[in-house]
Asks: 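Below you'll find the structure I mean.
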Amino acid sequence: MASIADILTHRAGAAFAAQGLPESLGRVVESGRPDLAPYQCNGAMAAAKIAGKPPRAIAEAVAASLQDDALIESLEIAGPGFINLTPKPDVYADRASALSKDAKTGAEPVDTPRGVVIDFGGPNVAKPMHVGHLRSSIIGDSLQRLFRFRGDTVTSDVHLGDWGLQMGQLITEVARVMPDLPYFDAAFTGPFPDEPPVSMDDLQLLYPRASAACKDSKERLEEARQATRDLQSGRAGYVALWRHFVTVSRQALEADFNSLGVHFDLWKGESDVDPLIPGMVEDLKSRGVTHEDQGAWIIPVDREDEKRDFPPFLLLKSDGAALYETTDLATILDRKEEQNPDLILYVVDARQSDHFEKVFRAADKAGYFDRDQLEHIGFGTMNGPDGKPFKTREGGVLKLSDLIRMATDKARARMEEAGLAQDVDAEEREAVARAVGIAAIKFADLSNLRTTNYVFDLDRFVAFEGKTGPYLLYAAVRIKSMMRKAADAGVKPGDIVIGSDEEAALVRALDGFGAAANEAYEKRLPHFLCDHAFRLAQAFSKFYANCPVLSAEDEAVKASRLALAALALKQLETVFSLIGIVAPERM
Ligand code: ARG
């Protein structure tokens, strides 16, 4: 489905070609000065160089051949040779009715659907999710929604951090508190109790204590290392205890992700690929992909054409231990065998970029995937007012459940101030406050350029004015309420006719969705969706202020405006579904 800019580009391209100039010069874009004309073509400037003629003369010739085009209402040449174009009202009307009929309201499916694995979330067992995991979850979820929407087959994997030293640290800490549990008796092989000996709250107390103790004492650290090795080589009691850690953590994490509206296809963890490591290492050795270096096994991944030195990929340490990068390589192998995707996206903090670059180069060298099938989708941090990654006032990590509660509390207070959702029952009001709170958090995160840091400012996030999630939800709720009134009054949407600038501007905004969805998809940058939603909501609000809908005198105008409003709502809710927010029915 071609946008209005595409259609005009086609016409202008032909006009350039008629002058013996490249068709590509006819690119028409929305103008930066819609008060002068809604569209513009700047090709005459580049054409001047090619043709050796003044740009204005070229613009005049192009304009002359477009003058009588059935789609064009008016046309002016400005400055040195900008061609300003205004399409006929019918062009807008036709485009709007095509968008209304389209299930995706103007966003194109991809030409060749791909299989895509998205690795995101990445929380760790026994540790509360920190802001990095929150950002990963919000951004990764938006990408999984967008990729599916455009037709790809997506498999999302939470990729739990459930392996490695932190597990040994926990085991040894529990052994200190409850030494008599059967898990610590090396001679006992089971069966072990079904009831977990610790709760999530216990784990969140025990883990920081264990980690601090291991920092303070070498012996304590060695003990934790030994426990990790024992766990990884299958000591029955440790494995049984570790399973409890994973189950207890997973329950808590699932509850958190559910309340955020984020769902994963797979709940795999680092531990799942541990059994693949020995075979993978043997295979890489036998194919000469890895070689020994001071007792360790490495895969060199530096490139000659690169200024910086890139450290080698460390497959096995000299003590034979596998590392975080080994696990990630084994996970790639697992994904090749299980999903064999065309593309794997890793939505992880930008500070892990060297890690992923190493892993991806190693995977390429191993022949698992080409380097360009693996992408690190890095993001900046959410900072506190001190410019450092956000911490609570007590200096701890902010738990997701606490964050949602804070945002909901603030949303509830704001709704009360603004008199919103005050005439519904308490249960519905609470659900609305929650939807507003979550939209505030998600939109605040996604509306920034993914790679930049931003400052946590709940007051700003939860405002009903400005570029915020609550503003957008409210815009949708207002349209919903109008649709209900229309239904009660028996008014039905009809053919779209464009009779005012605000209606044309609304159609132009609607028409931008295809490009926004495409850009967000190609660049993995959800803020293009947020920008689009905001632009659409603003265009709707101008339309609504200037073009009476249900009180329009003319029945045809009323039906047309109602159809435009219905389209705006449909597209707004489509964008919401891509950023993972939900508009309540009323507020
Ligand atoms: N668990 C890791 C962390 O908390 C993030 C995992 C990211 N994904 C991956 N495949 N390495 O930092």
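Atoms within a ligand are numbered from 1 in the order they appear, just like the ligands themselves. Note that these values count all heavy atoms, side chains included, but never hydrogens, waters or copies made by symmetry.
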Asks: With salt bridge (Lys or Arg N to Asp or Glu O under 4.0 Å) as the criterion, how do Lys523 and Glu375 come out once you've worked through the C-alpha distance, each side chain's angles and the decisive distance to 0.1 Å?
Replies: CA-CA 11 Å; Lys523 299 182 174 147; Glu375 281 180 41; over 6 Å; no
Asks: Quick one, list the residues around ligand 1 where some non-hydrogen atom comes in under 4.0 Å, by chain and residue number.
Replies: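 Under the 4.0 Å cut-off, ligand 1 touches Asp119, Gly122, Asn124, His133, His159, Tyr324, Asp328, Tyr346, Val348, Gln352, Phe356.
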Asks: Does Phe245 offer a backbone N or O that forms a donor-acceptor pair with the side chain of Ser249 under 3.5 Å?
Replies: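 Yes; judged by distance alone, with no hydrogens or angles, the pair exists.
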Asks: Looking only at non-hydrogen atoms, find the nearest pair between Lys268 and Val158 and report the distance.
Replies: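 Here Lys268 and Val158 meet closest at O-CG1, 4.0 Å.
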Asks: Count the heavy atoms belonging to other residues, nucleotides or ligands that lie under 6.0 Å from CG of Asp194, then report whether that count exceeds 12.
Replies: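 Count not over threshold, so no.
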Asks: Give a yes or no on whether Asp370 atom CG has more than 12 heavy-atom contacts from other residues, nucleotides or ligands under 6.0 Å away.
Replies: yes
Asks: Is Arg145 salt-bridged to Asp141, going by a charged N under 4.0 Å from an acidic O?
Replies: yes
